[in-house]
Enquirer: 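Got a structure here, written out as structure tokens. Questions coming.
Here the structure is a predicted model, which means the values were calculated and not measured.
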Amino acid sequence: MLKIFRFLERRELQFMLLSFVVIIAQVWLDLRLPDYMSEITELVQMPNSPIDEIISAGMAMMACAFGSLFLTFIAGYSSAQIATKLSMKIRGEVYRKTLSFSMAEMNDFSTASLITRSTNDITQIQTFVVLGLTAFLRAPLMAFWAITKIAGKNMTFTMALGVTILALCIVIFTILRFAVPKSRTIQKLTDNINLVTREHLTGIRVVRAYNAEAYQEEKFHEANMTTMKTTLFVNRLTSFIQPYLGCIMSITTLTIYWLGAIMINETKDPSAQLTIFSDMVVFSSYAMQIVMSFMMLTMTLIMYPRFIVSVGRVMEILEKENTLTDGEAMTSNEQGTVEFKDVSFAYGGEEKVLENISFKVKKGETVAFIGSTGSGKSTLLNLVPRFYDCTEGEILVNGINVKAYNQNALRNILGVITQKAILFTGTVSSNVNYGNNGVSLSESEAIQNVERAIDIAQAKEFVSKIGLDAPVSQGGGNLSGGQKQRLSIARAIYRQPQIYMFDDSFSALDYKTDKVLRKELATQTADATKLIVAQRISTVKDADQIIVLDQGKIVGKGKHRNLLDTCSVYREIAESQLSKEELYE
């Protein structure tokens, strides 16, 4: 639990120290109140007591009460400052850590879980810290200090308070023993609700197209009901604490007065009776103070199970070891070369997705990868920017092993167009210049580069109608598949990389646009190397080299005409798409 406070900086630690000092002072003032109450009681009971002394004790009592109120405000303000800054730091660290994950680590956490951990879990931590910083110091300090002050006065009353505190601790910790595991379950169930909701909203078109609203509602209802039942169990368990504390408070007060009445009745000395009565008033006040402190502590402890679970879930992200380690290489004398040397890869199981892959691409060449679904084409491309690390062999980019590169430097060399076109909330222009690598350009230069990229990507026709400042919704939901794909290609062109990587990035384009776009790329980016994963023969047949994959192995390598004669896998794919005349055109 204490690991979470390592994110506090000097200013927050100063606030924490201030909060502790203020709470100690507040407890001292609160414990002075019964002393003044005892003094006033004795003065009232004694004949001919000066009224000035009674008023003086009353004024001192009021000063303690107002002083305690003022210190409560300061302690609350300090706690709020610490909790808010702490949650901000943790949220930032979780976000940065998540961005540093390779795809292997991302697969260990679902998107729904990451969202819940960075929102709900951090909110649980913040809420607990606000109350906990005060309650966890105040309650034990109040109990210990109060017992210390009254321990020598009357052992009978002291024993009664001791039994009260013991009874409070036993019940509270027994309840927490059963509440913590269920709270851990609640956070996982919250992940599940998030997952079901995201699936429904993301796939809303499919859901409606198949009239599956009732099915999705049933899934959500089941997840919701499970969460509700588990939450009710925890709430019912912890709700017992509040009435129990009220009962303990009443029983303790009644016990003190009952014991006091017995002792007063057995004592014949009037001065001794007055002392017992004064102690009875003091002890009942202390009992109220202690029980109220434990009541505040209990309110915090009710949240403790979810807090401790949330801390564990957040720290699970922050302490997750990255499988990818950064190298130091920033530049190379070579440009635009890619080489695979006996590369094999498995996603974690024993079965290899790629096996003994070897080839070399020279600067300015276009190399295409083709094969049946699941043959490992996209996986092969993902190894170049180190989304994953190969399990055997080595991959060289510009003559340097990708593992020796600084990851930012490596990815600045590449222009990646993913299989699924991803756009971000903003405008057409902001999505295209998203890949500027932090290069500082004037406004006119930036616009000129954006227009050039859009023109090469064959997106000029529709962009001219909607404008560069046209809004793009989350994920590009207001654009068609072909429009999103062309803007994704334009984004890669804008950054002018040494190596382009097209992962089936022409699939949503019609044959005409596909052909024109590839022609423009060949002309306008002639010096850049191009790695193309595609399903269409028409997309790959003009490549300088075509690599045919089947079940993770290279079964053919060469040009289009050569592969038609020598590679049966390539020939089968080609004949399923084109006529003989088109194949040999």
Enquirer: Between N406 (side chain) and M330 (backbone), is there a donor-acceptor pair under 3.5 Å?
Expert: no
Enquirer: Under the side-chain contact (heavy atoms from CB on, under 4.5 Å) criterion, do S488 and L423 qualify, and how do the steps go?
Expert: CA-CA 7 Å; S488 295; L423 297 181; 4.1 Å; yes
Enquirer: Could you tell me the separation between the CD atom of Q81 and the OG atom of S19, rounded to the nearest 0.5 Å?
Expert: 11.5 Å
Enquirer: Under a plain distance cut-off of 3.5 Å, with no hydrogens placed, do S87 and Q126 share a side-chain donor-acceptor pair?
Expert: yes
Enquirer: Please report the interatomic distance CG(N224) to CD(E222), rounded to the nearest 0.5 Å.
Expert: 11.0 Å
Enquirer: Sequence neighbours left out, what passes salt bridge (charged side-chain N to carboxylate O under 4.0 Å, His left out) with E199? Give chain and number order.
Expert: K219
Enquirer: Hey, can you tell me if F73 and Y77 have their rings parallel, tilted or perpendicular (30° and 60° cut-offs)?
Expert: parallel
Enquirer: Please check if the side chain of S473 supplies one atom and the backbone of N478 the other of a donor-acceptor pair under 3.5 Å.
Expert: yes
Enquirer: Does K97 offer a backbone N or O that forms a donor-acceptor pair with the side chain of K320 under 3.5 Å?
Expert: no
Enquirer: Only counting residues at least two apart or in another chain, list the ones meeting salt bridge (charged side-chain N to carboxylate O under 4.0 Å, His left out) with D389.
Expert: R386
Enquirer: Taking the inter-plane angle between the rings of Y434 and F424 on a 0 to 90° scale, is it parallel (under 30°), tilted (30 to 60°) or perpendicular (over 60°)?
Expert: parallel
Enquirer: Would you indicate whether M228, at its atom CE, is surrounded by more than 12 heavy atoms from other residues, nucleotides or ligands within a distance under 6.0 Å?
Expert: yes
Enquirer: Rounded to the nearest 0.5 Å, how far does CD1 of I186 lie from OG1 of T230?
Expert: 6.0 Å
Enquirer: With sequence neighbours excluded, tell me which residues meet side chain to side chain donor-acceptor pair (under 3.5 Å) with N408.
Expert: none
Enquirer: Using the side chain to side chain donor-acceptor pair (under 3.5 Å) rule, take T190 and N120 through it: C-alpha gap first, then chi angles, then the decisive distance, then the call.
Expert: CA-CA 9 Å; T190 305; N120 182 273; 5.2 Å; no
Enquirer: Check this for me, if you would: do R313 and E316 make a salt bridge, where the nitrogen-to-carboxylate-oxygen distance has to be below 4.0 angstrom?
Expert: no
Enquirer: Let me confirm one number: the CD1-OG1 distance from I122 to T116, rounded to the nearest 0.5 Å.
Expert: 11.0 Å
Enquirer: Using only atom types and a distance under 3.5 Å, with no angle test, would you say the side chain of T72 pairs donor to acceptor with the backbone of S68?
Expert: yes
Enquirer: Within this structure, what is the CD1-OG distance for the pair I23 and S78, rounded to the nearest 0.5 Å?
Expert: 8.5 Å
Enquirer: Which heavy atom of L383 sits nearest to which heavy atom of C390, and what is that distance?
Expert: CD2-N, 4.1 Å
Enquirer: Measure from the side-chain N and O atoms of Y388 to the backbone N and O of F345, and report whether any donor-acceptor pair falls under 3.5 Å.
Expert: no
Enquirer: Starting from the C-alpha separation in whole Å, work towards a yes-or-no answer on side-chain contact (heavy atoms from CB on, under 4.5 Å) for M315 and L318.
Expert: CA-CA 5 Å; M315 294 309 297; L318 297 178; 4.0 Å; yes
